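Heads up: the structure comes next, in structure tokens.
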Amino acid sequence: MRVFIRDAGGMKVEAWVEDWIPGTSDFQVVSKAKCIVMGKKCLIDTLDTPVKFQKKGYATAIVKELQKYFDEVAPIGIVPSAVSFWAKFNMTDALGPEDYDETTTL
């Protein structure tokens, strides 16, 4: 597993994990994040891991790598299905809870 972080310009950072997947001929992106940076603070706007790669530590690796470079790392826009993931880092939505109802598309 390899974790990468790159400056995307304009206060933005992208991070991703590549891993060798059996049956393939090269490393494959298995999780990725888009972040907003303000000084030494990193707000994770999106963190996406396809279902087939979940529960393998890929998203966790991204968060831990970001924590090496920033004094504060926090998620924004947490969807209900991700609350337990962020809870293991003792993190909540840096912008406060969002209102979701049955018409909200996730």
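Computed from a prediction, not measured in an experiment: that's the story for all the values here. The residues of the chain are indexed from 1 along the displayed sequence. What's counted below: heavy atoms across the whole structure, side chains too, no hydrogens, waters or symmetry copies.
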Group every Ile, Leu, Val, Met, Phe, Trp and Tyr by side-chain heavy-atom contacts under 4.5 Å, then state whether [X] and [Y] land in the same group.
{"X": "F4", "Y": "M1", "result": "no"}
{"X": "M91", "Y": "I78", "result": "yes"}
{"X": "I62", "Y": "F27", "result": "no"}

Where at least one partner belongs to residues 16-29, residue pairs that pass side-chain hydrogen bond (donor to acceptor under 3.5 Å, both in side chains), sequence neighbours excluded:
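Pairs touching residues 16-29 that pass the test: R2-E18, W16-E18, D19-Y58.
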Can you list the steps and then say if V63 with L47 is a side chain to side chain contact (heavy atoms under 4.5 Å, CB included)?
CA-CA 9 Å; V63 174; L47 181 56; 4.1 Å; yes
Between V17 and V29, is the side chain to side chain contact (heavy atoms under 4.5 Å, CB included) condition met? List the steps.
CA-CA 6 Å; V17 175; V29 174; over 6 Å; no
Would you compute the distance between atom CG of D7 and atom NZ of K12 and round it to the nearest 0.5 angstrom?
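So the CG of D7 and the NZ of K12 are separated by 11.0 Å.
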Nearest 0.5 Å, please: how far is OG1 in T46 from CD1 in I76?
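It is 9.0 Å, given to the nearest 0.5 Å.
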Show me the donor-acceptor pairs, under 3.5 Å and distance only, between side chains in residues 34-44 and residues at least two apart or in other chains.
unit_1, atom_1, unit_2, atom_2, d
K40, NZ, Y69, O, 2.9

Flag, side chain of D48 to backbone of K32, donor-acceptor distance under 3.5 Å:
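Not confirmed, D48 side chain does not pair with K32 backbone.
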Where [X] and [Y] come nearest, the two heavy atoms and their spacing:
{"X": "K88", "Y": "T60", "result": "NZ-OG1, 2.9 Å"}
{"X": "P50", "Y": "V30", "result": "CD-O, 3.4 Å"}
{"X": "A61", "Y": "V3", "result": "CB-CG2, 3.9 Å"}

Counterpart residues, salt bridge (Lys or Arg N to Asp or Glu O under 4.0 Å), relative to K68 (two or more places apart)
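For K68, the residues satisfying salt bridge (Lys or Arg N to Asp or Glu O under 4.0 Å) (neighbours in sequence not counted) are E65.
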Decide yes or no on side chain to side chain contact (heavy atoms under 4.5 Å, CB included) for I21 and F53, but give the supporting numbers first.
CA-CA 10 Å; I21 306 302; F53 299 125; 3.7 Å; yes
In sequence, state the C-alpha distance, the side-chain angles, and the governing distance for V73 and F89, and then conclude on side chain to side chain contact (heavy atoms under 4.5 Å, CB included).
CA-CA 10 Å; V73 175; F89 295 102; over 6 Å; no
